[in-house]
Protein chains: 2
Amino acid sequence: MGRGFVTAEEVAKRAGVSRSAVSRTFTPGGSVSKPVRRKVLKAAQELGYRVNRLAQGLNNDRSNLIGVVGSNLSSPFISRQLDLLSIGLLRRGLQCLLLNAADARKDIAPLIELLFEFRAQAIVVLSGEPPASIVDECIANGVRLILINQRLDRADTNMVLSDDSHGAHLAAMRLIQAKCNKVAVVSSGSQTPAQLRRVSAFTQHMNSESIEVVAWSGGPTSYESGYRAGCELLLDKSIDGAFCVTDLLALGFLDAARLEMGRIVPENLSIVGFDDIPQAGWKSYQLTTVVQPLDTLTEKVLKALDSDEPETRLQLVPVTMVERTTAR
Amino acid sequence: MGRGFVTAEEVAKRAGVSRSAVSRTFTPGGSVSKPVRRKVLKAAQELGYRVNRLAQGLNNDRSNLIGVVGSNLSSPFISRQLDLLSIGLLRRGLQCLLLNAADARKDIAPLIELLFEFRAQAIVVLSGEPPASIVDECIANGVRLILINQRLDRADTNMVLSDDSHGAHLAAMRLIQAKCNKVAVVSSGSQTPAQLRRVSAFTQHMNSESIEVVAWSGGPTSYESGYRAGCELLLDKSIDGAFCVTDLLALGFLDAARLEMGRIVPENLSIVGFDDIPQAGWKSYQLTTVVQPLDTLTEKVLKALDSDEPETRLQLVPVTMVERTTAR
DNA sequence: TAACATATTGACCGCGTGTGCATTTTTTTA
DNA sequence: TAAAAAAATGCACACGCGGTCAATATGTTA
């Protein structure tokens with residue numbers, strides 16, 4: 001009862017049986033007689049014994065650890081993603097080893113190295129782009145790698161991502177429907193691949209309709225950046241529509257438009273966002289936006305974790321648009 | 001190079017040295033000659049060898065795993081807390097084993113059991129109240145337990161919490177300063193200890209000033225609950241002040257007041273929140289609120305993790321008030 | 001060059017667990 | 001009741017690593 005944990009050996013001694021008996025008692029399907037099992041359980045209870053899953057994983061070669069790496073964990077979107085993911089993992093008896101990539105935003109390679117050292121069974125990347133070498137090492141070591149909203153140009157990696165292009169097209173169509181003549185497209189300065197896809201798909205669509213597009217990007221993906229974008233862009237009175245590639249940006253933009261630049265939304269200016277974070281539905285905002293269905297996205301991630309040989313490596317999650325009040 | 005990870009044995013064979021040499025090469029302070037070290041590193045590089053930290057922890061008795069358990073991970077406050085915590089842990093070379101208590105909101109005991117099985121060095125509880133038996137087991141097994149914003153009535157547990165009472169007093173003083181005659185205090189139905197403390201300290205203060213207090217509580221700790229509270233409470237036109245024990249509640253309340261119940265804030269109604277989540281500073285809200293200094297709180301948690309014999313088990317983090325625009 | 005001090009090395013053990021195998025005990029069948 | 005089948009049990013090994021210790025190699029001094 002001293003420092004440290006109780007071992008199976010001690011339980012065996014107390015119960016007057018062999019250590020094997022203890023092990024078998026705690027192993028489903030182990031061959032143990034009723035009386036022995038009772039004695040073992042009693043001794044274990046009294047001593048406060050718990051199986052050491054680290055040692056367990058040592059010969060099983062199954063650590064049951066799933067590495068999750070991402071940055072911006074406190075943003076509404078990512079945090080919800082992490083919330084759902086961690087619940088799903090727990091339900092499946094998997095443990096979530098969380099690595100915050102805030103320090104190494106650019107290069108998440110060392111973090112993944114760390115996960116290798118912990119023998120993570122699989123690695124889920126919420127944000128950030130792993131270098132190709134890491135991907136190679138993952139398959140070499142039999143570690144499943146799952147990228148969320150990240151599109152890598154190789155067929156041997158699991159990717160689950162929202163249909164950004166289609167979402168951008170939806171946004172474009174909505175702004176066209178609102179009869180906008182000159183629109184802004186707002187993204188952050190971090191230029192994540194997902195954001196780039198949204199910007200380019202949107203721009204392309206608008207160009208094909210001969211509608212002028214003004215691109216703005218800067219700062220982190222935050223409310224404040226959106227606010228700044230609004231203050232700067234809306235000096236141009238002819239802009240009557242905006243697609244913000246993230247709700248956070250959109251809400252900042254919306255506040256700038258209404259409270260700083262004297263615009264009336266949606267009469268004067270139509271705004272469409274992307275993600276559908278909870279705040280987009282708050283009464284003060286009522287943002288019209290493209291919905292990333294986080295639950296189905298998470299579900300696909302978990303499924304990719306389960307199945308031994310995933311049928312599809314690239315899974316596109318369809319997006320929809322929720323109509324609220326910020327687009328005419 | 002088959003399935004699974006490379007072992008030190010294989011590296012030794014390839015490098016033409018003993019396995020001990022490999023181990024020493026990767027152990028700081030190990031006695032290895034330059035040429036041998038070079039050979040080992042080369043072989044390790046070629047084979048893609050990585051130390052197995054699980055096996056490492058098996059004899060060290062240091063898993064380097066810190067268990068973090070909490071619920072409501074996507075709420076602005078908790079997610080930020082988790083964000084900061086996970087960064088701090090990583091910086092200190094500790095791994096964050098995240099357990100989402102969403103399923104077992106009431107009883108987080110089984111989750112902590114799980115962390116025992118993984119031989120977590122310490123356990124940080126973001127939310128939820130662990131039963132006393134768990135606390136006993138923690139100290140019996142030499143696992144440090146740190147409770148955040150949770151006050152247990154025992155001297156052998158590490159607790160880091162914001163000064164809820166003082167915060168509530170600040171809120172009360174502010175509403176008195178706003179010359180409120182009848183105030184509401186809004187909390188969620190989940191009745192966490194922290195919320196209860198805020199409510200009671202606030203009510204007590206107001207009573208001592210002979211100001212009438214109407215208490216409302218219901219639903220989860222969410223924007224929606226606050227909105228509902230506003231819709232129901234503000235039917236009483238004589239209520240001219242409100243203390244919402246959580247910013248999320250406050251923002252919902254504020255929206256209900258302005259957009260649904262036709263109140264003018266702060267002329268007609270003063271509102272004070274608690275937490276200072278990012279959204280409280282957004283231009284549409286500009287909520288006057290009590291600030292929980294999350295960075296210092298997190299810092300104290302990390303420090304409690306470090307020090308082998310913490311000087312103080314109960315650490316109260318001082319709170320301040322940020323003046324914005326919702327209190328007259 | 002010899003004697004000595006020091007740096008390096010490899011064999012071995014322990015960490016806590018699961019499991020194959022041979023042995024012993026219990027149960028079933030003839 | 002005896003023989004055969006089944007179940008239960010303990011021993012020993014493996015998992016991948018760090019650390020101890022004696023043996024060996026290298027360097028240093030007289």
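Note on naming: letters A, B, ... go to the chains in the order of the sequence lines (proteins, then strands), and numbering restarts at 1 for each one.
Atoms CD (A:Glu10) and P (C:dC15) sit 10 Å apart, rounded to a whole Å. Between B:Lys13 atom NZ and C:dG10 atom C1' the separation is 16 Å, expressed in whole Å. Rounded to an integer number of Å, the gap from CZ of B:Phe116 to P of C:dG16 is 17 Å.
The two residues B:Ser79 and A:Ser79 come nearest to each other via the heavy atoms CB-CB, 3.5 Å. Considering all non-hydrogen atoms of both residues, A:Ile78 and A:Ser71 come closest at CG2-O, 3.8 Å.
An angle of 30°, rounded to 10°, separates the two end axes of the helix from C:dT1-D:dA30 to C:dA30-D:dT1, each defined over five pairs.
Among B:Leu98, B:Leu111, B:Val124, the single residue meeting the side-chain contact (heavy atoms from CB on, under 4.5 Å) criterion with B:Val69 is B:Leu111.
A search for salt bridge (charged side-chain N to carboxylate O under 4.0 Å, His left out) contacts involving A:Arg53 returns B:Glu117, not counting sequence neighbours. Remark: A:Asp275 engages A:Arg198 in a salt bridge (charged side-chain N to carboxylate O under 4.0 Å, His left out) (not counting sequence neighbours). With sequence neighbours left out, B:Arg80 forms a salt bridge (charged side-chain N to carboxylate O under 4.0 Å, His left out) with no residue at all.
Side-chain polar atoms of A:Asn64 and A:Gln56 form no donor-acceptor pair below 3.5 angstrom.
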* Summarise protein proximity over nucleotides 9-19 of chain D in one line of letters, 5' to 3': B for base, S for sugar-phosphate only, - for none, counting protein heavy atoms closer than 4.0 Å. => BBBB-BBBBBB

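Listed by first and then second residue, the side chain to side chain donor-acceptor pair (under 3.5 Å) pairs involving residues 24-45 of chain B are B:Lys42-B:Glu46 (not counting sequence neighbours).
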